[in-house]
Amino acid sequence: MNQPAVGAKSPYPNYLVWSIIVTVIAFCACCGVGAIPGVVSIVYGAQVDSKFAAGDEAGAAQASANARTWAWVCTALVGLAVVMQVLGLFVEGMASGVDMLFDQARQRR
């Protein structure tokens with residue numbers, strides 16, 4: 001097995017920035033359960049460079065793929081949470097508007 005040069009940069013992306021951003025958004029946008037895949041992605045992303053530096057190129061490639069997969073899962077959950085919140089605000093606003101119309105109709109009687 002070929003050893004990488006000391007200080008060589010891993011050719012595999014670690015997806016740490018993406019993972020951290022969606023994890024923070026997941027904590028803010030929805031419950032902490034939605035952020036669990038983001039934390040898993042951060043763990044795998046942190047393994048990419050260290051595995052490559054240790055000469056485990058296959059492990060680095062697998063950790064990179066796992067980090068990407070879990071980052072996508074977290075991103076999808078954040079997207080779903082945002083859509084649900086927007087729909088909730090819309091439905092709440094509609095219900096408020098209907099209540100206001102009924103109140104006005106009662107006052108006219």
Side-chain angles (χ1 to χ4, degrees):
M1 180 166 11
N2 294 336
Q3 284 284 359
V6 175
K9 174 102 171 81
S10 171
Y12 305 105
N14 57 23
Y15 301 104
L16 280 174
V17 173
W18 178 16
S19 301
I20 292 169
I21 290 171
V22 296
T23 302
V24 169
I25 293 172
F27 273 120
C28 296
C30 59
C31 61
V33 174
I36 291 173
V39 173
V40 173
S41 180
I42 291 170
V43 169
Y44 279 121
Q47 294 175 0
V48 173
D49 293 333
S50 61
K51 285 188 178 193
F52 184 76
D56 184 9
E57 194 165 336
Q62 185 62 44
S64 177
N66 289 341
R68 182 184 65 230
T69 300
W70 286 106
W72 272 116
V73 169
C74 189
T75 301
L77 289 174
V78 166
L80 182 63
V82 169
V83 167
M84 294 296 286
Q85 288 177 355
V86 168
L87 285 175
L89 289 173
F90 178 75
V91 169
E92 197 173 302
M94 291 296 291
S96 175
V98 169
D99 286 344
M100 187 172 45
L101 288 175
F102 280 135
D103 287 342
Q104 288 176 355
R106 279 189 219 120
Q107 289 175 355
R108 289 184 183 160
R109 287 185 171 185

Next on the checklist: If I take atom CD from residue Gln47 and atom CD from residue Gln62, how far apart are they, to the nearest 0.5 angstrom?
Outcome noted: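 It comes to 10.5 Å.
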Next on the checklist: Minimum heavy-atom separation for Cys74 and Ala35, please, with both atom names.
Outcome noted: SG-CA, 4.5 Å
Checklist entry - Closest approach of Gly45 and Ala67, non-hydrogen atoms and distance? => result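 Closest approach of Gly45 to Ala67, heavy atoms only: N-CB, 3.6 Å.
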Cut-off 3.5 Å, no hydrogens considered: what does the side-chain donor-acceptor table look like for residues 13-24, sequence neighbours left out?
unit_1: Asn14; atom_1: OD1; unit_2: Leu16; atom_2: N; d: 3.2
unit_1: Asn14; atom_1: ND2; unit_2: Asp49; atom_2: OD2; d: 3.3
unit_1: Trp18; atom_1: NE1; unit_2: Thr75; atom_2: OG1; d: 3.0
unit_1: Ser19; atom_1: OG; unit_2: Tyr15; atom_2: O; d: 2.6
unit_1: Ser19; atom_1: OG; unit_2: Ser41; atom_2: OG; d: 2.5
unit_1: Thr23; atom_1: OG1; unit_2: Ser19; atom_2: O; d: 2.6
unit_1: Thr23; atom_1: OG1; unit_2: Gly38; atom_2: O; d: 3.3

Checklist entry - Side-chain contact, heavy-atom cut-off 4.5 Å: Glu57 with Tyr12? => result yes
Checklist entry - Considering the options Val82, Leu77, Val78, which one meets the side-chain contact (heavy atoms from CB on, under 4.5 Å) requirement together with Ile25? => result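 Running side-chain contact (heavy atoms from CB on, under 4.5 Å) over Val82, Leu77, Val78 with Ile25 returns exactly one hit, Val78.
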Checklist entry - Same cluster or not: are Val39 and Tyr44 linked, directly or through other Ile, Leu, Val, Met, Phe, Trp or Tyr residues, by side-chain heavy atoms under 4.5 angstrom apart? => result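 Different hydrophobic clusters.
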